[in-house]
Chemist: 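Attaching a single structure in structure tokens format; questions to follow.
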Amino acid sequence: MTALMVTLALVATFALLLRWQRPAWYWMSFGVVFAVVRILARYASVMDACGLTVPPSRWRLALARMTRRPIPESRAPRILRLRPTRTGLVLRVKLRPGQDAFDFSAASDRLRHSFVMQNVTAREIRSGVVELRMTGYDVLRRVQMPAATRRGVMRVPVAMREDGEVYYRDYRQTPHALNVGATQSGKSVYQRNLVAALAAMSDVALVGIDCKQGIELAPLARRFTALADNPDAAAGLLDSLVEHMEGVYQLIRREQRLSADMPDAEITADIWDLPDHLRPTPIVLLVDEVAELALFATKEEEKRRDRIITSLVRLAQLGRAAGIYLEICGQRFGSELGKGITMLRAQLTGRTAHRVNDETSANMAFGDIAPDAVLATIQIRTDRPGTAVAGDSSSGWVRIRTPHLTLRRAVNIANSHAHRTPEIPALDAFRPVLPPLGKAAAPSTVTAPAIA
């Protein structure tokens, strides 16, 4: 008996230590068992307490009266499947007549407390079926990306969602995106993770504009096809991108070959249906601080600013079919930056907002598409850099957090994939000039002068 008590005490101590230091290990070893037992034991009572049951049908009431039996109790949704995952549980239920998926979304916080889970989100799988995705621990506290992710063409993992799933940046689904956040909010780390993920992809050209003298993107320059570190060079680079886009459209127009006997599947209006040997290299344009491109102090700077914003708007409106995708970053992105800014923002479907200093900044990202996300954005804690709210124009949003990636590690990733950097003739004038790897050299100019 004493040995049994000592063993139980050691197991309990080990479990508490795991829960404190390694919550993921605790969940996989102990937590998942406790959670399954707790959910199955409390399921009926929790559904009733949360108002997710339906009264018995009329024929059951009539049958109970005729047979003089007790009135049947309310019925809870039927459990279809309960599946454990690396971070929590997935509970799929069959709705009763009269229930709606919104009822489960509205009761998600009560379900979280009742089942003693970290987070509960509900989504409709199909008509009459709702999936409750529960997390057993705070997955955003110490972000650990899974070793295996579902990458695709222009689809890369960049963060972890609060429901335990991986957050992907899918450029073919969401071509252009806006990333806002205050200083020290994790905005640059998000961009760093994005560059590191794209660097490993072949046949993807990275083009950067970093008007902070290139301090964010210049260390990663070996993987960049073109890079501008001042507004004058940015204006020339954007003009060259617009010319490249027009050339790609001419190529698509030549290869459409419209005729009466041409099958519909062979007619294309973008680069992705072109033959592999003709398909131009897709381009991801990263703008580190858009305000530096929009501010001006003199008449000459105002002309340059209008030229830059016009080019960005054209790329946002027309670049998707030509394989040009935009990632616009900034601390604020409002109408105070001048004319054309709101037109540019309207073209940025994806929205990512890190911690902001005021509600107005959150409204700039989500006020016109997802008002509920504004409140979630201003509630991001200062001690959790990298936490953000990601959404799109469909009004859907989710909390995410990017894993901390040091600049040294990001540079190593970029350097190891430098051989994948494609050459685009239209952008050769802005290709970074760097010394060979492994040899110390004096700092060199990152970008060439702008083309007149």
Side-chain angles (χ1 to χ4, degrees), residues 24 27-28 32 80-92 118-126 129-140 142-177 179 189-206 223 270-273 276 279 281-284 286 320 323 325-327 349-352 386-394 396-405 409-410 413-414 416-417 420:
W27 171 256
M28 294 301 295
V32 64
L80 296 179
R81 185 173 65 182
L82 181 60
R83 176 172 59 89
T85 66
R86 186 177 65 91
T87 58
L89 296 171
V90 176
L91 176 63
R92 189 168 292 187
Q118 178 68 29
N119 183 60
V120 175
T121 57
R123 67 185 183 99
E124 182 179 344
I125 300 298
R126 58 180 184 273
V129 178
V130 169
E131 183 178 88
L132 300 177
R133 186 170 290 273
M134 312 177 190
T135 52
Y137 59 95
D138 190 358
V139 297
L140 301 185
R142 185 182 298 164
V143 179
Q144 295 179 341
M145 300 291 286
T149 55
R150 298 190 301 272
R151 293 173 178 263
V153 179
M154 300 303 297
R155 183 175 187 262
V156 292
V158 292
M160 182 68 73
R161 296 161 43 123
E162 65 176 344
D163 59 2
E165 291 291 295
V166 176
Y167 176 75
Y168 293 91
R169 178 70 177 92
D170 192 337
Y171 286 95
R172 297 188 65 180
Q173 181 178 359
T174 308
H176 313 304
N179 179 17
V189 177
Y190 175 89
Q191 182 178 252
R192 200 179 296 161
N193 275 273
L194 189 60
V195 172
L198 290 170
M201 297 181 62
S202 59
D203 299 328
V204 174
L206 299 180
R223 186 56 181 85
D270 59 28
I271 67 170
W272 298 108
D273 291 326
D276 292 342
R279 182 181 302 142
T281 303
I283 298 174
V284 177
L286 298 108
R320 193 273 314 167
Y325 308 101
L326 272 60
E327 286 283 341
T349 306
R351 307 289 174 88
T352 303
T387 304
V389 175
D392 53 38
S393 58
S394 65
W397 60 273
V398 66
R399 289 185 183 88
I400 64 172
R401 191 180 187 190
T402 51
H404 181 64
L405 180 66
R409 186 180 173 195
I413 295 174
S416 63
H417 295 285
R420 297 179 183 270

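Numbers here simply count residues along the sequence, with the first being 1.
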Chemist: Rounded to the nearest 0.5 Å, how far apart are OH of Y168 and CZ of R161?
Modeler: 10.5 Å
Chemist: Work out which heavy atom in A199 is nearest to a heavy atom in R223; give both atom names and the distance.
Modeler: O-NE, 3.0 Å
Chemist: Atom CG of D170 and atom CE of M154: how far apart are they, to the nearest 0.5 Å?
Modeler: 9.0 Å
Chemist: Ignoring hydrogens and geometry, is there a side-chain-to-backbone donor-acceptor pair from T135 to N119 under 3.5 Å?
Modeler: yes
Chemist: Answer yes if the side chains of Y171 and E327 hold a donor-acceptor pair under 3.5 Å, and no otherwise.
Modeler: yes
Chemist: State whether the side chain of H176 and the backbone N or O of L326 hold a donor-acceptor pair below 3.5 Å, judged by distance alone.
Modeler: yes
Chemist: Can you confirm whether V158 sits close enough to Y190 that some side-chain heavy atom of one is under 4.5 Å from a side-chain heavy atom of the other?
Modeler: yes
Chemist: Side chains of R351 and V389, heavy atoms from C-beta outward: is any pair under 4.5 Å?
Modeler: no
Chemist: If you round to the nearest 0.5 Å, how far is CE of M28 from OG1 of T85?
Modeler: 8.0 Å
Chemist: When rounded to the nearest 0.5 angstrom, what is the spacing between CZ in R279 and CG in D203?
Modeler: 9.0 Å
Chemist: In Å, rounded to the nearest 0.5 Å, how long is the span from CZ of R192 to CZ of R409?
Modeler: 11.5 Å
Chemist: Closest heavy-atom contact between G164 and T87?
Modeler: CA-OG1, 3.4 Å
Chemist: Ignoring hydrogens, what is the shortest heavy-atom contact between N193 and P403? Give both atom names and the distance.
Modeler: ND2-O, 3.1 Å
Chemist: Is there a side-chain contact between P282 and W272, using heavy atoms and a 4.5 Å cut-off?
Modeler: yes
Chemist: What's the spacing between E162 CD and T121 OG1 if we round to 0.5 Å?
Modeler: 7.0 Å
Chemist: What are the two closest heavy atoms between H404 and V189, and how far apart are they?
Modeler: CA-CG1, 4.3 Å
Chemist: Side chains of V32 and L89, heavy atoms from C-beta outward: is any pair under 4.5 Å?
Modeler: yes
Chemist: For R150, I'd like to know if atom CZ has over 12 heavy atoms of other residues, nucleotides or ligands within 6.0 Å.
Modeler: no
Chemist: Near R151 CZ, under 6.0 Å, is it more than 12 heavy atoms from other residues, nucleotides or ligands?
Modeler: yes
Chemist: Restricting to non-hydrogen atoms, name the atom on A159 and the atom on T402 that form the minimum distance, rounded to 0.1 Å.
Modeler: CB-CG2, 3.7 Å
Chemist: Mind listing the closest non-hydrogen atom pair of R401 and L140 along with its distance?
Modeler: NH1-O, 2.6 Å
